[in-house]
Each structure stands twice: as structure tokens, then as C-alpha cells.
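Both backbone and side-chain heavy atoms feed into the values below; hydrogens, waters and symmetry mates do not.
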Amino acid sequence: YVLNELNSTITFYNYDPTTGTLERVQTISTLPRLFSERNFCGDLHFSSDEKYLYVSNRGHDSIVCFRVDAGSGELTYQSHLSSNGHEPRIFALDPSGRFIVAVHQKSRNAVVYQLDAQTGNLSHTGYEAALDMPVHVLFLSI
């Protein structure tokens, strides 16, 4: 899966290990159909069970959820949620796979979302923090 930052799409490729080649299977937009303003994608991560793929949109200011077909690997748009900040550049799933933390480049905040394990959809937890210049999210095991 390749996140195409400048045109707000994800391209899914099949890899042939015998020839070392990629075959394009699908390209899908990360934006709602009627959104026409400036946008750049920021980051993408799979859920811990790999049933869902999440992408951040910087401009639309959202986190998008795609369902991953278990057989073909193709993506289907599932939902999107306001990121509660401006330009969500980077995000990460916590080690339990139940939460996402996103940091916003322009509004300088971190926001915590909860994942619904059954649907893959996100919801706001109400937890957020002001940060000076957030550039990365990393969970450490201590």
C-alpha cells in the first residue's frame, strides 16, 4: 500500500517475489467526493488485526478508515472522523490496538481516539494535549 501524499490517494499493489515486480490493483481517494480544497495525506497504519487501514488527511483534517478485504487486500471506504486539530501529520496505534494518538502540525496538539474493534470506526475520547512542535508519536514498553 502506497500513500500518495500530493493527490490524496492510496494505491494497492500486488508484489510478485519471483520477478520483483509490482502490479497496481487499486487506487482509492482518501477524501469525501465533494471535498475540493487543498489536502495532503500524512500517515497510514493498519489496525492490529489488519482488517482496517487508517489514513490522516492534512487539509480535510480527518482520519479515514478503510476496510481491508481479507481475500483480495482491496480497500473499501468505511468512515472518516474530524481530527480535532489542524493538519494531522503523524499518528500511531497504542500497543493494545484500542487507541490512536494523532499529533497536529498546525494546531500543535495531540488527540486520542478509540477504535471500535467490531466496526473499525474511530470515536473521540475527549483526551487531548497541547504540544509545542509535535513531529512523531512513539509508544515505549518499559
Side-chain angles (χ1 to χ4, degrees), residues 1-17 19-141:
Y1 297 86
V2 176
L3 184 58
N4 304 296
E5 178 183 13
L6 301 181
N7 72 358
S8 304
T9 61
I10 301 169
T11 303
F12 166 55
Y13 293 89
N14 277 331
Y15 173 67
D16 183 339
T19 62
T21 59
L22 297 172
E23 173 192 4
R24 187 176 65 81
V25 176
Q26 176 190 33
T27 299
I28 188 168
S29 178
T30 65
L31 295 169
R33 183 174 297 151
L34 298 177
F35 186 82
S36 61
E37 297 174 37
R38 179 184 149 271
N39 185 77
F40 301 107
C41 295
D43 203 0
L44 81 161
H45 293 279
F46 285 93
S47 60
S48 55
D49 61 9
E50 298 185 353
K51 292 181 180 180
Y52 303 98
L53 178 65
Y54 301 95
V55 175
S56 62
N57 281 310
R58 298 177 295 135
H60 187 253
D61 295 335
S62 61
I63 308 289
V64 184
C65 174
F66 293 94
R67 195 171 43 254
V68 181
D69 183 276
S72 70
E74 290 189 45
L75 302 174
T76 303
Y77 169 83
Q78 169 110 355
S79 62
H80 71 272
L81 180 69
S82 168
S83 66
N84 275 11
H86 187 51
E87 294 203 11
R89 186 167 197 76
I90 302 294
F91 66 93
L93 277 79
D94 83 304
S96 76
R98 297 181 2 214
F99 298 95
I100 285 178
V101 175
V103 295
H104 297 81
Q105 183 175 2
K106 298 285 184 174
S107 57
R108 298 179 174 191
N109 64 326
V111 178
V112 180
Y113 315 89
Q114 186 166 7
L115 279 74
D116 181 315
Q118 300 302 313
T119 67
N121 292 330
L122 300 175
S123 59
H124 292 289
T125 63
Y127 295 107
E128 79 176 70
L131 302 171
D132 186 32
M133 290 293 291
V135 296
H136 197 64
V137 177
L138 179 66
F139 291 94
L140 300 175
S141 298

Hey, could you give me the CG/CZ distance between Leu6 and Phe40, rounded to the nearest 0.5 Å? 6.0 Å
What distance separates Leu138 CG from Ile90 CD1, expressed to the nearest 0.5 Å? 11.5 Å
Determine which pairs satisfy salt bridge (Lys or Arg N to Asp or Glu O under 4.0 Å) with at least one residue from residues 112-131, sequence neighbours left out, and list them in order. none
Can you name the one residue among His124, His45, His80 that meets ring-ring contact (aromatic ring centres under 6.0 Å, His included) with Tyr113? His124
Considering non-hydrogen atoms only, spot the tightest contact between [X] and [Y] and give its length.
X	Y	result
Tyr54	Ser47	CE1-CB, 4.0 Å
Ser29	Thr9	CA-CG2, 4.1 Å
Asn39	His60	OD1-N, 2.9 Å

Could you check Ile10 against Thr30 for side-chain contact (heavy atoms from CB on, under 4.5 Å), going step by step and ending with a plain yes or no? CA-CA 7 Å; Ile10 301 169; Thr30 65; 3.9 Å; yes
List for me each residue that meets side-chain hydrogen bond (donor to acceptor under 3.5 Å, both in side chains) alongside Asp132, sequence neighbours excluded, and say none if there are none. none
What residues form a side chain to side chain contact (heavy atoms under 4.5 Å, CB included) with Ala129, not counting sequence neighbours? none
So, Tyr1 versus Phe46, ring centres under 6.0 angstrom or not? yes
Classify the side-chain pair Asn57/Ser62 by whether it contains a donor and acceptor separated by less than 3.5 Å. yes
Trace of the side-chain contact (heavy atoms from CB on, under 4.5 Å) decision for Val101 with Phe99: CA-CA 7 Å; Val101 175; Phe99 298 95; 5.6 Å; no
Pick one: which of Glu5, His86, His104 meets side chain to side chain donor-acceptor pair (under 3.5 Å) with Arg58? Glu5
Evaluate side-chain contact (heavy atoms from CB on, under 4.5 Å) for Phe91 paired with Val103, printing each intermediate quantity in order. CA-CA 6 Å; Phe91 66 93; Val103 295; over 6 Å; no
Does OH in Tyr127 sit with more than 12 non-hydrogen atoms of other residues, nucleotides or ligands closer than 6.0 Å? no
Please determine whether side-chain contact (heavy atoms from CB on, under 4.5 Å) holds for the pair Leu115 and Leu93, giving the CA-CA distance in whole Å, both sets of side-chain angles, and the decisive distance to 0.1 Å. CA-CA 9 Å; Leu115 279 74; Leu93 277 79; 4.2 Å; yes
